There are 4 protein chains.
Amino acid sequence: MSGQPQRADARRNRDRILQAAFEAFAVDGHLVPLDEIARRAGVGAGTVYRNFATKEALFKAVVADRIDRIVDEAQSLLHAADPAEAFYGYLTWVVERAMINHAICDALSTDLDDDKTRKDTEFTTALDALLRKAQAAGAVRQDVTVQEVRTLLVGCMLMERLRPQPPRGRMTTLACDALRSATKRNETKPRNETRCEICATPLTPAPTGRPARYCSPSCRQKAHRRRPKPT
Amino acid sequence: MSGQPQRADARRNRDRILQAAFEAFAVDGHLVPLDEIARRAGVGAGTVYRNFATKEALFKAVVADRIDRIVDEAQSLLHAADPAEAFYGYLTWVVERAMINHAICDALSTDLDDDKTRKDTEFTTALDALLRKAQAAGAVRQDVTVQEVRTLLVGCMLMERLRPQPPRGRMTTLACDALRSATKRNETKPRNETRCEICATPLTPAPTGRPARYCSPSCRQKAHRRRPKPT
Amino acid sequence: MSGQPQRADARRNRDRILQAAFEAFAVDGHLVPLDEIARRAGVGAGTVYRNFATKEALFKAVVADRIDRIVDEAQSLLHAADPAEAFYGYLTWVVERAMINHAICDALSTDLDDDKTRKDTEFTTALDALLRKAQAAGAVRQDVTVQEVRTLLVGCMLMERLRPQPPRGRMTTLACDALRSATKRNETKPRNETRCEICATPLTPAPTGRPARYCSPSCRQKAHRRRPKPT
Amino acid sequence: MSGQPQRADARRNRDRILQAAFEAFAVDGHLVPLDEIARRAGVGAGTVYRNFATKEALFKAVVADRIDRIVDEAQSLLHAADPAEAFYGYLTWVVERAMINHAICDALSTDLDDDKTRKDTEFTTALDALLRKAQAAGAVRQDVTVQEVRTLLVGCMLMERLRPQPPRGRMTTLACDALRSATKRNETKPRNETRCEICATPLTPAPTGRPARYCSPSCRQKAHRRRPKPT
DNA sequence: TATGAATGAGGGTTCATTCAT
DNA sequence: TATGAATGAACCCTCATTCAT
């Protein structure tokens, strides 16, 4: 049940189920019915249960599968020339992946129960290696632990998911600044974008005419009411 | 249906339902059955429906209720003597509240549909006021918008929730560093804590004996296998 | 509970409930919630129950109320100059009323339980009187009983309800022909309307062009397939 | 979902559900709970939903099933030797079927939505064919349309249902008289049955003794009160 | 072994009826 | 007495899991 099935067709079924589940979870999360996953995989519901004891077990298997790929990437970056770029680039890369596939985010934040020790350790170890090299190169402040970095990484995924509007990756850039040594921030000149004076919604500058001060009539009205009455 | 009921018992029931729903959502999120909420509130399921047209409406009412309290706090801090402390203190306070009540986190990240404009704007406006004063005082970098701060705030809630172990608020402190002007970070001396050489789990120093290098026998074994074989 | 309440306001409430229930039943039948009836009547649900033991009892009271009015009409027609016109006119009148108020139909076809004997007898007696005079005048065949007429009457209501399209009352006219003495039918020249040759749907003649033979392309196609292939 | 299931047990279950639903609807109409249907069929509620997407869909399937059988009968009568007998016999036969199974009545009076065009047309077409032959043979008046016949047919079902007492089919006979050419009625000699002088309920003649004049003591009492008081 | 049909415990929601105010 | 809030059984429907084929 848990090991790798031997027969070729059984193996193929298992992979198709994993793939279908991954795609389904990526889009709809946990709430996609198992029958739907079976349908996408082109197998019967019973076959899913032959390969995975419960729906939850299937979910965990998907997640473990994804962690493997992420760990691979970390390991391949270990010997990069620039440790700072390797480290920050890796964080960005993982977050980008998670934007596409929500399951990745769950993979890194969910407990993996039985398998936890193994998978979890693998990822943490690989991330730690990148972190230490970056710290040794002075690119990351010394007082952060790998667990904190890992948590921040998941936080970035969640934040980017909350703000899908551009600029993409802004929250990750910000969060990375929290990790950088004090003198190497990504701080920019204040953007001189204009925002609604009432609700701070960014205003898209109109090509012509007088620049807008409010994002909507209702905010303009609100501002009007706030102005002191002339005596 | 939507206004405050007049009768004392009805009012009391409504409050009890809101409270029970709040607690239930805080722990289990959306998935707690409505019957369970009714049971906790000590009323019948029908009574819940008398007060809230659907489960979703109940959820939104809970969320709106919480936002109100959070907005109140922001407004009360607007005239604090120290804008920096007011701003960062507020972020910390909100995150702490959210640690106890997960619904707060949803409240700030969920769309509130019809009411969204109003509640959402109220919160954003209050947060923006705090932010601008802190920026004016040089305590927050100029290139962040209130929307970014808000997202970071929700991110902190989520991250703290992922790492309930001490030190509490560490992720928030880190995230705040991302907002601070470069020279005012909370960077500390590297903690000279020792961590497992394999999986980076922090090691609690034993009072006596030789300091441990690994967190567990399995990691020790793993380290052993990695050592180059003597020729 | 069952008798007439004495106090003026109580009496008024009872009447308003009856009226509201009548209107609600007329439109939606039995399935309108009792709360809705109470709301329409401008009273609380409890007040409805003070006046009528159950929803069913309320329904029966409505029905009895309507029968009263129908019986009144029958009695007022008893002394009309033309017994045939009185009889057939009465049937038509009742059916028309029922077209507007479905509750009337139920009133005449539903068992009235306890009250049945009284109300039911009243109506049957009144109808029988009209019938006998018409039979005596040779306007109605001798071999029908009042029970049959009554059933036919309800049948007309139901049929008209099934065919709300014009000509209104056609089914009633037809059914009345079943009652007439053989020589006094309402038979008309065959309407030379054209109907679809396939499904018999009446065809609205176009003002210009060749007259249509089929109601729709699909019927034309069907007709085509049915034609014998040329050898 | 919609087609015929392949497995023998599935097919059997589907048939049992249809049958159970048919019987349940026949007795209680739409309001029978779906769980009850499942129970009667000896399956779980889920199985019903596997075969029919909604309760409404199940109802429509039942109805469509019945129409099929009725249409079959009409088509088999098309080439009968006596068109009059075929036509009137068919009406009687359909009504008799509907007496046993109320769902048939609904089948012919309910809209069948998507399938309506097809099923509805099939039935109307078949009925129209019978009608035209009977009209050509002079057995049916020329001024009735197939739609009217159809409505009358449903009306007969409803009327017979309202009067389950003997003689069976009397209402249908009457209604058919409405369709007959004037000279071919089923008018009989007036039955010299005696009826209650008060409420017109037919009196079953007692084998011995003086013939009854009233159907019940209460009617006798009523008659007594109506008699003019002797001066 | 693979299929997909069957199960049945809930889930959200409605509404006739009761009862505290 | 009138109100309308509270009750809770019942309804339709879903879906994780089991099992006959």
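Proteins get letters first, then strands, A, B, ... in listed order; numbering begins at 1 in each. None of the values given here were measured: they were computed from a predicted structure.
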State, yes or no, whether a side-chain contact exists between [X] and [Y] at a heavy-atom distance under 4.5 Å.
X: B:V63; Y: B:F25; value: no
X: C:K60; Y: C:F52; value: no
X: B:N51; Y: B:L58; value: no

Starting at [atom1] of [X] and ending at [atom2] of [N], how long is that distance when rounded to a whole Å?
X: D:E36; N: F:dA10; atom1: CD; atom2: C1'; answer: 13 Å
X: B:F52; N: F:dA6; atom1: CZ; atom2: P; answer: 11 Å
X: B:R50; N: E:dG12; atom1: CZ; atom2: P; answer: 20 Å
X: C:N51; N: F:dT3; atom1: CG; atom2: P; answer: 10 Å
X: C:Y49; N: F:dT1; atom1: OH; atom2: P; answer: 19 Å
X: C:R39; N: F:dA5; atom1: CZ; atom2: P; answer: 14 Å
X: B:I37; N: E:dT13; atom1: CD1; atom2: P; answer: 11 Å
X: A:F59; N: F:dA16; atom1: CZ; atom2: C1'; answer: 16 Å

Practice task
Please determine, for the side chain of D:N13, which listed nucleotide (F:dT3, E:dA6, E:dT17) has the closest atom?
Solution key: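 Given the options F:dT3, E:dA6, E:dT17, the side chain of D:N13 is closest to E:dA6.
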Testing E:dT21, F:dA2, F:dT7 for proximity to the side chain of B:D9, the answer is E:dT21
A:D65 bridged to A:R69 by N-O distance under 4.0 Å:
yes
Looking at C:K55 and C:H30, would you say the former's side chain and the latter's main chain have a donor-acceptor pair under 3.5 Å?
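Pair found, side chain donor or acceptor close to backbone of C:H30.
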Under the rule of Watson-Crick or G-U wobble with both distances under 3.5 Å, where | means paired to another strand and [ ] a crossing pair, DNA chain F maps to .||||||||||||||||||||
What N/O pairs connect the protein and nucleotides 8-11 of chain E at under 3.5 Å? Give each pair on its own line.
residue	atom	partner	partner atom	Å
E:dG8	O6	D:G46	N	3.4

Review point. Should the heavy atoms of other residues, nucleotides or ligands under 6.0 Å from CZ of D:R16 be counted, would the total exceed 12?
Key: yes
More than 12 heavy atoms of other groups within 6.0 Å of D:R40 CZ =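 Count over threshold, so yes.
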Derivation of the side chain to side chain contact (heavy atoms under 4.5 Å, CB included) call for C:Q19 and C:D15: CA-CA 6 Å; C:Q19 183 62 24; C:D15 290 345; over 6 Å; no
Residues passing the side chain to side chain donor-acceptor pair (under 3.5 Å) test with A:R39, sequence neighbours excluded, are A:E36
